[in-house]
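Predicted model only: the values in this text are computed from it and were never measured. Below, read A as the first sequence line, B as the second, and so on, with proteins coming before strands; counting in each chain starts at 1.
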Amino acid sequence: MSGERYNPREMEPHWQEVWDQRQSFVTSNDDPREPYYVLEMFPYPSGRIHMGHVRNYAMGDVVARYHRARGKNVLHPMGWDAFGLPAENAAIERKTHPGTWTRANIATMKGQLKSMGLSIDWTREFATCEPEYYKHQQAMFIDMMAAGLVTRKQSKVNWDPVDMTVLANEQVIDGKGWRSGAVVEQRELTQWFFKISDFAEELLEALDGLTEWPEKVRTMQRNWIGRSEGLRLLFEMVPNNTVNAGSIEVFTTRPDTIFGASFVALSPDHPLTAELARSNPALAEFVEETRRLGTATETIEKAEKKGVFTGLQVKHPVLDGQTLPVYVANFVLMDYGTGAIFGCPAHDQRDLDFARKYDLPVIPVVLPPDADAASFAIGDEAYVDTGHIFNSGFLSGLSIAEAKTAAAQFFAERTVDGKPQGKVEVNYRLRDWGVSRQRYWGCPIPVIHCEVCGTLPVPNKDLPVVLPEDVTFDKPGNALDHHPTWKHVPCPQCGGPARRETDTMDTFVDSSWYYARFTAPQAETPTVPDIANRWLPVDQYIGGVEHAILHLLYSRYFTRAMKATGHVGLDEPFKGLFTQGMVTHETYRSAAGEWVAPVDVVLETSGETRSATHLETGAPISIGSVEKMSKSKKNVVDPDEIVATYGADTARWFMLSDSPPERDVQWTEAGVEGASRFQQRIWRLVGDTVALRAQSQDLPPVAADEEATALRRAAHRAVQQVADDIEGLRFNRAVAQIYELTNALVRSSGLVSAAPAARLAALEEGVGYLVQLIAPMMPHLAETCWQALGREGLVADAPWPQVDPALLVDNDVVMPIQVNGKRRGEITVAKGTAPAEIERMVLSLEAIARMLDGKTPRKIVVVPDRIVNVVV
RNA sequence: GCGGGCGUGGUGGAAUGGUAGACACACCGGACUUAAAAUCCGGAGGGGGUAUCCCCGUGCGGGUUCGAGUCCCGCCGCCCGCACCA
């Protein structure tokens, strides 16, 4: 057998079947061993898996298989994030049902995932589009309504008048709908919201406890929540005939600069603006104009600071007798704070731009540390750094922080309209989570609207609210709304005619609790709290960084909502988070500039130049930049083809090699071939080992020699280091360790005949370990080798090798010797040799003596067992 | 603009403040072979001496240290996220 090549095409399906039959990866909730939950972000069933999935699931599988070997009860499930717009679009294009398309995709992709040999408990599989899943989501929605976590309110949305649907911001391109191309309108719609903003402070504070999350993701969430501490401040209106409001409330984080105020500005969407616009055509026109520009983000960036004077004045809050003009300005957002600001041009760039345009005063009130109060002036740039307050009455001389406190206190004690003039307030950028979608293919919101009784939850006995199957997609808009009968139901309270809610939930709701459902996927309740609490939080969650904010923030919120409604007993769903990099590939173009897929390209290397030609036509192809694999650039490699050609193990190994997992990895044909060669190399090593054992049977036993001990050291050290690297998710380093061990074993397999018994034993031990080390990464090859070595059972069931601590420490250490920090030689000494002894040895070295050139060293630094530095 | 990250051979990348370049890919040489593939052995940061030696070298400039790819300060470049947030 040693001459035969390893054939993954034959062995991989074989072992997959063995694992299946033995139910090797089915996890029991009653297992008394320590639980470990590893989860990869579940896929959207778009049609076929891509290399990004392969990378994601290869990593997760290494973690799962490793912890299983470590004796833990590992939960490693898989499911489908199956609701969403692509299914509806496919339904329209193919004149089929979204469910038909989705379920067919799931079947295909499940087959693909199975061919990867993942250690998944498929008995826990579910798809979010099935009533068995979403009925629990509806039940929780109702629980959340009862707990006051859900609200229904008017909100401005992007409305596509052609497709008759709400669009997410990212679906609006240049102010037009991404599908229809129609100019998007801003509409006020009544929508359902989860009150995530009530949890803003908690979600922010708890980030500090997520120590096993990437700092980057925590920072992104922090920014997204966007906490800012400031003051709500009332500006008393100078009496006028236009409006009857007594005051304007602004929000500011810089009350310390109040003496520098030179205007007040309202948002175009401010209620007072609307009131004024009724009798002011110029203002009405301005509001209309800003609205038109409102949707296109690129224009906002460059938009000039513009405004219209309202004719109103407010009293200056600290300078008696002075007034400030009130403008409506395009840069003031209604969504944030109170929708009104006071402008301090000297210390805010936007305010300064505005003030210069409309000739408003610029009054510096913060003096930079090294500036002179008499001559300090503001040019084109606002001064936003630290300094001391000046020109500011009772605030003068204070630091910015002190002045903020003093101003807050001052305004808290004064009243306007019988209310305190100032009130300290914390503001968040985080908005409530609007979950209403005017789409068919989502979880129906379980609510009934009755003219008499109002908005009522669907009674529990009537759940689930199932999507009707007989729908058509020939009209734009929400197919649920078009359905002739579905929405007409009797009111659950009065029995009179009522109407079902036809909005469905954002698909992010589906993915906000699936990890909890996996712990008891067949339960009659959304979760079984005892079981969920035992498994959760997920020990290691792995997925793309593109979900750093939305999915992960929503899940953190939803876990809290589930806690509030008694479905789980914890706040944070994911203890460890890892965000893996993307899979990239070179791009290729024909002379005509068309993208060409890698399968159609033949690459050639001659010396240092690489060239490419078309596989069929032989026409020259230009090699372009390395980019994320994408259909539009055709630089994709199909996992199925790789599995068919090289096997799943090769694909998995390559995905784990070389690149650190959090960085992008470049898929190359050469890299895959290297991985495939390594697979054969291990197989040969196993074959050689077995053959050597057979040849050596009658040789007399010999004591262990240095060679054998050295090999054992290498093997035990590799076991230790691979374990450390897997636990730290440094898969590329684990791979390098495995290469090193393999090299050592291959080298010594050639030396075995010299001292058969001891060396053969060391070799067999090392090869056995090697097989166990590769098992999490190349599980099929590992099983085949395990069997060839004649080991018991499956390597998937074998416990992780026990390392002998004595073999991890060397008796001798090689100490480099530096002279003035430059390496000039080395000595080998017994571990723990006294520094004085080392100094003596170092000085007697010829190379060192030559460097010293007769001089006496000023100092000799000896770092025990590490390094020596001679300072001259 | 704000926030985060990164910068090391031909390439991907290693390196608790302690021998820079582990490991791999690509490349070059040799062995085996009629030949090729596969495999095995060896070489390789740059420059010079070519022996077993010396100089330079982790984006650039400073600093701390016996010793800096690593820590600090200031630049340059690239990537990602957010962005009129008062």
Distances under 3.5 Å between nitrogen or oxygen atoms of protein and nucleotides 42-52 of chain B:
none

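- The same atom, P, is picked in B/C72 and in B/G18; the two are 15 Å apart, to the nearest Å.
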Below 3.5 Å is the cut-off: list the nitrogen or oxygen pairs between protein and nucleotides 55-64 of chain B, distance only.
| from | atom 1 | to | atom 2 | distance (Å) |
| --- | --- | --- | --- | --- |
| B/C55 | OP1 | A/Arg824 | NH2 | 3.4 |
| B/C55 | OP2 | A/Arg824 | NH1 | 3.0 |

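- With sequence neighbours excluded, the residues forming a side-chain contact (heavy atoms from CB on, under 4.5 Å) with A/Glu249 are A/Arg232, A/Leu234, A/Thr338, listed by chain and number.
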Please list every donor-acceptor pair under 3.5 Å in which a side-chain atom of residues 655-664 of chain A meets a protein atom from a residue at least two apart or in another chain.
| from | atom 1 | to | atom 2 | distance (Å) |
| --- | --- | --- | --- | --- |
| A/Ser657 | OG | A/Trp653 | O | 2.6 |
| A/Asp664 | OD1 | A/Met582 | N | 2.9 |

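- Between A/Arg431 and B/C85 there is no side-chain N or O to OP1 or OP2 distance below 4.0 Å.
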Check nucleotides 77-82 of chain B for protein N or O atoms closer than 3.5 Å to its own N or O atoms and list the pairs.
| from | atom 1 | to | atom 2 | distance (Å) |
| --- | --- | --- | --- | --- |
| B/C80 | O2' | A/Lys216 | NZ | 3.2 |

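- Side-chain nitrogen and oxygen atoms of A/Asn732 include at least one within less than 4.0 Å of the OP1 or OP2 phosphate oxygen of B/A14.
- Judged as a side-chain contact (heavy atoms from CB on, under 4.5 Å), and not counting sequence neighbours, the contacts of A/Arg350 are A/Lys305, A/Phe331, A/Asp348.
- Residue A/Arg222 is out of contact with every strand shown, counting any heavy-atom pair closer than 4.0 Å.
- Contact of A/Asn869 with B/G67 (side chain to base): no donor-acceptor pair of N or O atoms is detected under 3.5 Å.
- Not counting sequence neighbours, the partners of A/Glu212 by the side-chain contact (heavy atoms from CB on, under 4.5 Å) test are A/Lys575.
- With a glycosidic angle more than 90° from 0, B/G74 adopts the anti conformation.
- Heavy atoms of A/Val863 sit under 4.0 angstrom from at least one base atom.
- Listed pair A/Tyr739 / B/A24 fails the phosphate criterion, with no side-chain N or O lying under 4.0 Å from OP1 or OP2.
- Partners of A/Tyr358 according to the ring-ring contact (aromatic ring centres under 6.0 Å, His included) rule, which considers only residues two or more places apart in sequence or in another chain, are A/Tyr327, A/Phe354.
- Across B/C66, B/C84, B/U19, the shortest atom-to-atom separation from the side chain of A/Glu826 is found for B/U19.
- Non-hydrogen atoms lying under 4.0 Å from RNA chain B are contributed by A/Phe251, A/Thr252, A/Thr253, A/Arg254, all within residues 249-258 of chain A.
- The ring-ring contact (aromatic ring centres under 6.0 Å, His included) test applied to A/Phe411 returns no partner, not counting sequence neighbours.
- Judged by the 6.0 Å distance and 45° axis criteria, A/Arg429 is positioned over the aromatic ring of A/Trp224.
- With sequence neighbours left out, A/Ser625 forms a side-chain contact (heavy atoms from CB on, under 4.5 Å) with A/Thr587, A/Glu627.
- When heavy atoms are screened at a 4.0 angstrom cut-off, A/Glu740 is found touching the sugar-phosphate backbone but no base atom.
- Residue contacts shown for A/Asn743 are limited to sugar-phosphate atoms, with no base heavy atom under 4.0 Å away.
- Take A/Arg681 and apply the salt bridge (charged side-chain N to carboxylate O under 4.0 Å, His left out) test, not counting sequence neighbours, and it matches no residue.
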